[in-house]
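First up is the structure itself, then whatever we jot down about it.
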Amino acid sequence: MGILKEMQRAHARQVRAQTQAQAAAYRHHQQLRREAERAMKAAQRTALANERERKRLYVEARVAEIAVDNSGLQAHLDELDTLLVATLDVDDHIDLRRLRKSAQHRPFTPGTLGTPLAPPDWRRFEPPAPSGLSKMFGGQARHQQQLAGAQQAFAQAQAQHAAAEADRQRRLSAAHQRYQQQCAKVDAEISAHNAEIDRFAAAFAAADPTVVVEYFGMVLGNSVYPDDFPQHYRLAYVPESRQLVVEYHLPTLDVIPTVREYRYVEARDEITTTARPAKEIKERYATLVAQVTLRTVHELFEADRSGLVDTVVFNGIVDTTDPRTGASVQPCLVTLRTTREVFTELNLRLVEPLACLAHLNASVSKRPAELAPVRPVLEFDMVDKRFVDEVDVLADLDQRPNLLKLTPTEFESLIQNLFAKMGLDTKQTRASRDGGVDCVAFDPRPIFGGKVVIQAKRYRNTVDVSSVRDLFGTLQNEGASKGILVTTSGYGPTSYEFASGKPLELIDGSNLLYLLAEHADVKARIDPSDLD
């Protein structure tokens, strides 16, 4: 019985130990599960926090984007509102003397060629003198032999040195000659440039109409406007009345922003806009037209320190499309004639632009936004009575590609159209009033551009040199900077000889066909055999 009870007690102890181990294992498992649940919840809270932070940063980015857009919008409006005032702190005068250049030659640097070659040193060749017993046992004779050999080698070295030094000096002289030639070339180019500046300045001082127009074209070209402004213009000068006529291309209504404000709607993650009222757009555009008018006239008068201009005529036109017909139109929205005396009395920093134009008796469109035109006080094309309306012959060339089939008038119109497409401002002249000029063009390049007289010869035979001489005479009479003779045939050597060194350009038939194809996309031909 004692043994049985001991066995029962041992079993009970084993059961309790097993039960306690299972309970401990369960408690450990529960603790691990609670820790896992806490970790999961912490991760979820972190994820939610990260998502909220991401959303916050996203919203901040969109709000910042809207702020940038609204800031840019306001900056553009400020630029439009201050077009007139912005030019008042700018000196519009162009000092032609500052356009001169001076030569700045770098010193001649021959490099290693500038260092004479070191002559051979006899000490490197001279054999040592005999001494001691060598003098007694034939050393003196051997020394003489060595000395003779050394002298021969030294003489050869001297000859090689002389040849190498002569070659160095030859190459040095050639390099210096090239340097002098380059300097002379630069000097010649600068001299030619300065001579052209001096010629231009002298012609301007003499009130040469073409040069006066070029100068004031440079003045307007220096005027900085927003990128979406056209900045195209034509100028004409009448020396008899000291009158400068300006036809200026105004910007269209599109330059006024139609958006008043940008907004971000967070609930829809959407950017919305508030439209600018139509009335405000029209008012701003009318003010802008007035500002450009006053600004242009101010720049012209301020740039004229020589007193060449007493009166300025300004015609502000818009190159646009008539929404009613779809046709291209150029209505005049503002026209003004004013004198220096009247205009310079204005305080342009304080004026209200539209009221100022009314004070100057300008004619301003009552509805510029609707392109309602006014009648110019002086039509630009009336300044030179030889000008006639353009006839676009290029559009019809696909039906008659042989240039020799054109009438003389059609051929002249063709040449005018071609040079217009090449970037020149061209006008065909009336046959009865052309003074030997078929077309007058204006090269808009500053300084080196200017008035160009063009003659067109629809010939089958070679153009005679007399026609080239006549063109040169016309160029001088017109005060033009360049003359161009265009023909369907060619020129003889005498013609090219006469034109050499003169501001004349001779364009033959093959060159004409190339120019038509290159600039007008017209594939024409010159075929005498195809004539009726």
Side-chain angles (χ1 to χ4, degrees), residues 84-100 194-224 231 233-248 290-316 334-351 353 356-357 359-362 376-380 382-384 442-451 477-481:
L84 176 57
V85 175
T87 195
L88 300 181
D89 294 325
V90 178
D91 185 0
D92 297 298
H93 174 257
I94 299 175
D95 188 351
L96 297 177
R97 294 172 299 179
R98 294 189 176 183
L99 298 179
R100 292 176 58 87
N194 290 339
E196 180 68 14
I197 296 298
D198 293 341
R199 182 202 67 78
F200 184 88
F204 180 73
D208 179 282
T210 302
V211 175
V212 171
V213 165
E214 290 181 34
Y215 172 80
F216 286 109
M218 292 164 56
V219 171
L220 296 185
N222 288 341
S223 187
V224 179
Q231 280 195 276
Y233 41 81
R234 293 195 297 169
L235 296 163
Y237 179 64
V238 184
E240 295 80 8
S241 58
R242 306 174 75 85
Q243 180 172 251
L244 186 66
V245 183
V246 187
E247 183 181 80
Y248 200 94
Q291 285 193 85
V292 173
T293 302
L294 295 173
R295 171 172 167 153
T296 303
V297 176
H298 161 77
E299 290 170 343
L300 295 173
F301 274 133
E302 184 178 67
D304 179 28
R305 292 187 183 172
S306 302
L308 297 177
V309 177
D310 288 338
T311 304
V312 169
V313 174
F314 179 92
N315 295 331
V334 57
T335 183
L336 165 70
R337 176 187 278 124
T338 186
T339 64
R340 176 188 298 274
E341 182 180 4
V342 171
F343 194 84
T344 52
E345 289 295 321
L346 301 173
N347 185 348
L348 294 177
R349 292 187 185 277
L350 301 179
V351 299
C356 184
L357 288 184
H359 169 73
L360 295 173
N361 295 316
V377 294
L378 176 63
E379 290 282 357
F380 184 88
M382 294 297 292
V383 179
D384 190 333
F442 295 93
D443 187 340
R445 294 178 303 166
I447 300 295
F448 304 109
K451 186 176 183 180
N477 293 335
E478 290 281 332
S481 59

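Annotation: side-chain contact (heavy atoms from CB on, under 4.5 Å) contacts of R349 (sequence neighbours excluded): V85, L88, D89, N347. In terms of the ring pair (Phe, Tyr, Trp, His ring centres under 6.0 Å) criterion, F216 has no residue partners (sequence neighbours excluded). Scored by the side-chain contact (heavy atoms from CB on, under 4.5 Å) test, A207 finds Y237, L308 as partners (sequence neighbours excluded).
No donor-acceptor pair closer than 3.5 Å links the side chain of R100 to the backbone N or O of D198. At least one donor-acceptor pair closer than 3.5 Å links the side chain of Q231 to the backbone N or O of S223. Remark: the backbone N or O of T293 is not paired with any side-chain donor or acceptor of Y248 at under 3.5 angstrom. For the pair R337 (side chain) and T311 (backbone), a donor-acceptor distance under 3.5 Å is absent. Here the side chain of Y215 pairs a donor or acceptor atom with the backbone of A303 at under 3.5 angstrom.
Here OG of S481 is found 8.0 Å from CD of E196. Values are rounded to the nearest 0.5 Å. Atom CG of L244 sits about 11.0 Å away from atom CG of D310, to the nearest 0.5 Å. From H93, atom NE2 reaches atom OG of S306 across 6.0 Å, with rounding to the nearest 0.5 Å. Taking CZ of R295 as the start and CG of L220 as the end, the distance is 10.0 Å to the nearest 0.5 Å. Distance OG1/T339 to CZ/F301: 6.5 Å, rounded to 0.5 Å. Atoms OG1 and CG, from T338 and L294 in turn, are 9.5 Å apart once rounded to the nearest 0.5 Å.
In terms of heavy-atom proximity, L336 sits nearest to A362 at CD1-CB, 3.8 Å. Closest heavy-atom contact between L348 and L84: O-CD2, 3.8 Å. A203 and V211 get closest at one heavy-atom pair: CB-CG2, 3.5 Å. Nearest heavy atoms, T210 versus G479: OG1-O, 3.6 Å.
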| said: Test side-chain contact (heavy atoms from CB on, under 4.5 Å) on T335 and F314; report intermediate values, then the result. | reply: CA-CA 6 Å; T335 183; F314 179 92; over 6 Å; no
| Steps toward side-chain contact (heavy atoms from CB on, under 4.5 Å) verdict (V297, L360) | CA-CA 12 Å; V297 176; L360 295 173; over 6 Å; no
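Two residues are said to be in side-chain contact when any heavy atoms from C-beta on lie closer than 4.5 Å; R242 and D304 fail this criterion. Residues T87 and E302 form no side-chain contact, since every pair of their non-hydrogen atoms from C-beta on lies 4.5 Å or further apart. You'll find the side chain of V219 reaches within 4.5 Å of the side chain of I94, heavy atoms only. With contacts defined as side-chain heavy-atom distances shorter than 4.5 Å, the pair H298/L346 does not qualify. Looking at V309 and L300, their side chains never come closer than 4.5 Å, going by heavy atoms from C-beta outward.
Using a 4.0 Å cut-off between a side-chain N of Lys or Arg and a carboxylate O of Asp or Glu, D208 and K451 do not qualify as a salt bridge.
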